[in-house]
Student: 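Quick one: this structure, given as structure tokens, is what I'll be asking you about.
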Amino acid sequence: VERPRADTQTRQALYNALHKMGDDIRATKPDALVVVAAEHFANFFMNNMPAFAIGMADSYEGPIEDEAFLKIAHTRVPGNKALSRKLIEGVMQSVDVAYAEEWKFDHGISVPLHFLTPDYDLPVIPANVNCQGPPLAPLKRAWAFGEALREAADAVPERIAMVATGGISHWPATPDSGKINAAWDREFLDRWARNDKDALLSYTDAEIYRDGGQGGFEIRTFIAAAAAGKGAKGTIESMTTQKGSDTTPKSFAACRPITMARRFRSASPMAPSSSNPVTMPMSPWRALTKPCTRTSARQAGRATVSPAT
């Protein structure tokens, strides 16, 4: 059965934006791409669910989903075990973090990589925030994790780019599957674009569950990215809603962030360095049957961010 697809113009706009985001990342010549995601029981389950985890391997595999469904071929993705270890050791100075020498990518990582690094020639370091199995780390700890990632990146000579992927409101695998709350999503994205720490951390899990569904817990990846940005502001470039493969509304949001200084360093945290700038695309989104773009992803949970020009 052929699934309904977004119209060609809308779909291609998303694809083009993601490819542009990938071009912007490669132009900064990073040594590795850190991807902060919310995986879906692909690697961690209720018998062992770390609040935060970072991959430490020289290669990874994915996606775990059916290739015909996701339209992304299973592949091996390069990592950098030595650099991962340095970042893990740096993060451990302030945040307890698990590590994994084996990691299977699901759509949350494989979809953005398919567009951002289609040749899979940039080493990837996956990082996971538990957004699936309560009890969940408080939002302030997600913020602290982002700060710790930034500090760890500042401490190494390698050039680091960062992408965060996650969802906004959605109610997967429930009677409300397909439902979204566009007003709540817009309000959250506004807080996120302003990098308003107090407003971002003011949500309670009860409020998130009520207004954004259990999928809304994935805003933790957005929050970690905001913290790593050290006050950087973003721009919501577009947000549209249309019917998806299950005929329910899906929202698409696009955000644009800032350019960070070399290794995330600068005297003024948000001022780009004239030499060796590193862009930090903070792309919170969540994967879908139809992959997203820098102009981002299904609100049922995704928004992508691309570097400022």
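This chain uses plain numbering: 1 for the first residue, then up along the sequence. Scope of the values below: all heavy atoms of this structure, side chains included, with no hydrogens, waters or symmetry mates.
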Student: Using the test salt bridge (charged side-chain N to carboxylate O under 4.0 Å, His left out), find all partners of E102 that sit at least two apart in sequence or belong to another chain.
Tutor: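 Result, salt bridge (charged side-chain N to carboxylate O under 4.0 Å, His left out) vs E102: none returned.
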
Student: Please enumerate all residues that pass side-chain hydrogen bond (donor to acceptor under 3.5 Å, both in side chains) together with D96, with sequence neighbours excluded.
Tutor: none

Student: I'd like to know if the side chain of K71 and the backbone of F69 have a donor-acceptor N/O pair within less than 3.5 Å.
Tutor: no

Student: Does R210 CZ have over 12 foreign heavy atoms under 6.0 Å away?
Tutor: yes

Student: According to the interplanar angle, ranging from 0 to 90°, do the rings of Y203 and F188 count as parallel (below 30°), tilted (30 to 60°) or perpendicular (above 60°)?
Tutor: tilted

Student: Hey, is the main chain of H74 close enough, under 3.5 Å, to the side chain of E67 for a donor-acceptor pair?
Tutor: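 Here the side-chain-to-backbone pair exists.
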
Student: Against N16, only a single residue in K20, Q12, H19 fulfils side-chain hydrogen bond (donor to acceptor under 3.5 Å, both in side chains); can you say which?
Tutor: Q12

Student: Are Y209 and L136 connected in the hydrophobic side-chain network, where two residues link if heavy atoms are under 4.5 Å apart?
Tutor: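 Yes, same cluster.
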
Student: Quick one: list whatever passes side-chain hydrogen bond (donor to acceptor under 3.5 Å, both in side chains) with W143, sequence neighbours left out.
Tutor: E147

Student: Indicate yes or no for a side-chain donor-acceptor contact from R76 to the backbone of S59 under 3.5 Å, with no hydrogens or angles considered.
Tutor: no

Student: For D190, check side-chain hydrogen bond (donor to acceptor under 3.5 Å, both in side chains) against everything at least two apart and list the hits.
Tutor: R194

Student: Once salt bridge (charged side-chain N to carboxylate O under 4.0 Å, His left out) is applied, do any residues pair with E207, and if so which ones, sequence neighbours excluded?
Tutor: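 Partners of E207 by the salt bridge (charged side-chain N to carboxylate O under 4.0 Å, His left out) criterion come out as none, since no residue qualifies.
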
Student: Could you work out, with ring-ring contact (aromatic ring centres under 6.0 Å, His included) as the rule, every residue matching Y99, not counting sequence neighbours?
Tutor: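 Counting only residues at least two positions away or on another chain, Y99 forms no ring-ring contact (aromatic ring centres under 6.0 Å, His included).
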
Student: Of all residues at least two apart in sequence or in a different chain, which pass the ring-ring contact (aromatic ring centres under 6.0 Å, His included) check with F52?
Tutor: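 F52 satisfies ring-ring contact (aromatic ring centres under 6.0 Å, His included) with F145 once adjacent residues are dropped.
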
Student: D58: what forms a salt bridge (charged side-chain N to carboxylate O under 4.0 Å, His left out) with it, not counting sequence neighbours?
Tutor: none

Student: By salt bridge (charged side-chain N to carboxylate O under 4.0 Å, His left out), which residues pair with K197, not counting sequence neighbours?
Tutor: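 Counting only residues at least two positions away or on another chain, K197 forms no salt bridge (charged side-chain N to carboxylate O under 4.0 Å, His left out).
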
Student: Does F41 have any ring-ring contact (aromatic ring centres under 6.0 Å, His included) partners at least two apart in sequence or in another chain, and if so, which?
Tutor: F45

Student: When you compare the side chain of I25 with that of P30, does any pair of heavy atoms fall below 4.5 Å?
Tutor: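 The answer is yes, as the side chains (C-beta and beyond) meet within the 4.5 Å cut-off.
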
Student: I need the full list of salt bridge (charged side-chain N to carboxylate O under 4.0 Å, His left out) pairs touching residues 103-130, with sequence neighbours left out, sorted by first then second residue.
Tutor: E61-K104

Student: Does V36 reach the side chain of T165, with side-chain heavy atoms less than 4.5 Å apart?
Tutor: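 No, too far: nothing below the 4.5 Å cut-off.
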
Student: Same cluster for Y120 and V35 if Ile/Leu/Val/Met/Phe/Trp/Tyr side chains link at under 4.5 Å?
Tutor: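 Cluster IDs for Y120 and V35 match.
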
Student: Out of K179, Q214, H40, which residue meets the side-chain contact (heavy atoms from CB on, under 4.5 Å) rule with P172?
Tutor: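 Considering K179, Q214, H40, a side-chain contact (heavy atoms from CB on, under 4.5 Å) with P172 is found only for Q214.
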
Student: Under 3.5 Å, side chain of E187 to main-chain N/O of R191, donor-acceptor pair present?
Tutor: no

Student: Are the side chain of D211 and the backbone N or O of W184 linked by a donor-acceptor pair below 3.5 Å?
Tutor: no

Student: With sequence neighbours excluded, tell me which residues meet side-chain hydrogen bond (donor to acceptor under 3.5 Å, both in side chains) with D23.
Tutor: R26

